[in-house]
**Student:** 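Here it is: the structure, laid out below.
The basis for the numbers below is simple: all heavy atoms, side chains too, and nothing from hydrogens, waters or symmetry mates.
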Amino acid sequence: MSEKPLVLIDLDLTARTWLEHLCPSPILTPRDYHRYLKHPHKFELEVNLRTVHPNPRRGLNEGIRKVIEFLTANDIAFQFISYLDPDEYGDTLHKTRVDQAEWVYNVVDVNFDVNTADNIYYSFSPDYSGYATADRILIDSSPCRCRAWSAKRGKSICIPYLNGGDFAITCLKELMDLRP
């Protein structure tokens, strides 16, 4: 790629998480995460947790913190993307958007001296691929979303929830043909 692409990072369950509210341990383990993914009421739990706890205690996922450090050090533009279902959130949709922007500002913008909170991409479908273009890279923990994104000419990096930062950085370097 000659021009640096825009990197879109999935906001919920990739960059930040509510899992600590479901998990008694102070450290989220891969076992906890996989148990959560298989929970029969996962979506309902997420909607409830987003409403009750709009600002996760743990803040930014450590892997995504590394990715953002890499992006800012290399002057690569990035934004967040988030799925919000208007039917599920109804009258709390605006408040949820405000809470997300506030979280991004406090946790990302202030700490990395960037301005992303005002430009969160919102998708009203869980399939983000409507935003896919050849000059955008999606970072997400959902293999299904990444496949759909790639099918529409976008580039995607599917990272594991835990410790995916180094893997994502390696992929970004390859996709952008960055030399060490």
**Student:** Sub-3.5 Å donor-acceptor pair from the side chain of S129 to the main-chain atoms of A132, do we have one?
**Tutor:** no

**Student:** Would you compute the distance between atom CZ of R145 and atom SG of C158 and round it to the nearest 0.5 angstrom?
**Tutor:** 10.5 Å

**Student:** For a side-chain contact (heavy atoms from CB on, under 4.5 Å) check, start with the C-alpha distance between V104 and D109, then their side-chain angles and the critical distance, and finish with the verdict.
**Tutor:** CA-CA 6 Å; V104 168; D109 293 3; 3.9 Å; yes

**Student:** Can you see which heavy atom on I76 is nearest to which on M176, and at what distance?
**Tutor:** CD1-CE, 3.5 Å

**Student:** Is the side chain of K4 donor-acceptor paired with the backbone N or O of N74 at a distance under 3.5 Å, no angle test?
**Tutor:** yes

**Student:** If every non-hydrogen atom of A101 is compared with every non-hydrogen atom of A117, which pair is closest and at what distance?
**Tutor:** O-CB, 3.3 Å

**Student:** Distance alone, cut at 3.5 Å: any donor-acceptor contact between the side chains of D10 and Y128?
**Tutor:** yes

**Student:** Counting only heavy atoms from other residues, nucleotides and ligands, does the tally under 6.0 Å from CZ of F112 exceed 12?
**Tutor:** yes

**Student:** Would a 4.5 Å heavy-atom cut-off, applied to side chains only, mark Y121 and L6 as touching?
**Tutor:** yes

**Student:** At what distance, to the nearest 0.5 angstrom, does CG of D118 lie from OG1 of T116?
**Tutor:** 8.5 Å

**Student:** Which pair of non-hydrogen atoms, one from F78 and one from T72, has the smallest distance, and what is that distance?
**Tutor:** CE2-CG2, 3.9 Å

**Student:** I'd like to know if D166 and K66 make a salt bridge, using a cut-off of under 4.0 Å between side-chain N and carboxylate O.
**Tutor:** yes

**Student:** Establish, from distance only, whether the side-chain atoms of D140 and S142 form a donor-acceptor pair under 3.5 Å.
**Tutor:** no

**Student:** Tell me whether T14 contacts the main-chain N or O of L11 through its side chain, where contact means a donor paired with an acceptor under 3.5 Å.
**Tutor:** no

**Student:** Just how far is it from atom CD of Q79 to atom CG of N119, taken to the nearest 0.5 Å?
**Tutor:** 4.5 Å

**Student:** Apply the side-chain contact (heavy atoms from CB on, under 4.5 Å) test between I169 and each candidate in V67, I157, I159, L71; give the one that qualifies.
**Tutor:** V67

**Student:** Linking I/L/V/M/F/W/Y whenever any side-chain heavy atoms sit under 4.5 Å apart, do Y122 and Y105 land together?
**Tutor:** no

**Student:** Side chains of K152 and T133, heavy atoms from C-beta outward: is any pair under 4.5 Å?
**Tutor:** no

**Student:** Using a 4.5 Å cut-off on heavy atoms from C-beta on, say whether the side chain of I139 contacts that of L172.
**Tutor:** yes

**Student:** If I compare all heavy atoms of I120 with all of S82, which pair ends up nearest, and what's the gap?
**Tutor:** CG2-CB, 4.4 Å

**Student:** To check you understand the geometry: which heavy-atom pair defines the closest contact between P5 and I137, and what is its length?
**Tutor:** CG-CD1, 3.6 Å

**Student:** With side chains defined as the heavy atoms from C-beta onward, is the minimum distance between D127 and Y83 less than 4.5 Å?
**Tutor:** no

**Student:** Looking at S123 and S125, what are the two nearest heavy atoms and their distance?
**Tutor:** OG-O, 2.6 Å

**Student:** Answer yes or no for R136 and Y131: cation-pi contact, defined as NZ/CZ to six-membered ring centre under 6.0 Å and angle to ring axis within 45°.
**Tutor:** no

**Student:** Under a 4.5 Å cut-off applied to non-hydrogen side-chain atoms, are Q100 and F80 in contact?
**Tutor:** no

**Student:** Which of these passes side-chain contact (heavy atoms from CB on, under 4.5 Å) with I9: I68, L138, I81?
**Tutor:** I68

